[in-house]
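Right, I'll just put the structure down here and ask away after.
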Amino acid sequence: FMMNKFIPFIGKLFNFKSSYKYLIESSQKFPSGKEFLEITTNIEEVKASEYKPVFGGICYIYVLDIE
């Protein structure tokens, strides 16, 4: 709902429709959650990692334990 209805509505409301469309498209392409953490396992300095979904998974908070 947030990604498909609320964010486009805000973009239209403030006359930034194309910017918000780009935001949605790029965020859908970005690896998120567990997929992003799998990428971080290839970084030697990262010793542990976790993530927490925010707003029902529309964004995430990542915590990386870096040596």
Co-membership, hydrophobic cluster, residues Leu64 and Phe30, 4.5 Å side-chain: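 Yes.
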Show me the donor-acceptor pairs, under 3.5 Å and distance only, between side chains in residues 38-49 and residues at least two apart or in other chains.
unit_1 : atom_1 : unit_2 : atom_2 : d
Thr40  : OG1    : Leu37  : O      : 2.6
Thr41  : OG1    : Glu38  : O      : 2.5
Lys47  : NZ     : Glu44  : O      : 2.9

Residues which pass ring pair (Phe, Tyr, Trp, His ring centres under 6.0 Å) with Tyr51, listed by chain and number, not counting sequence neighbours: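 Result, ring pair (Phe, Tyr, Trp, His ring centres under 6.0 Å) vs Tyr51: Tyr60.
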Atom CD of Glu50 with >12 non-hydrogen neighbours under 6.0 angstrom: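 Enclosed.
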Donor-acceptor contact below 3.5 Å, side chain Tyr62 vs main chain Lys52: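 Answer holds: no.
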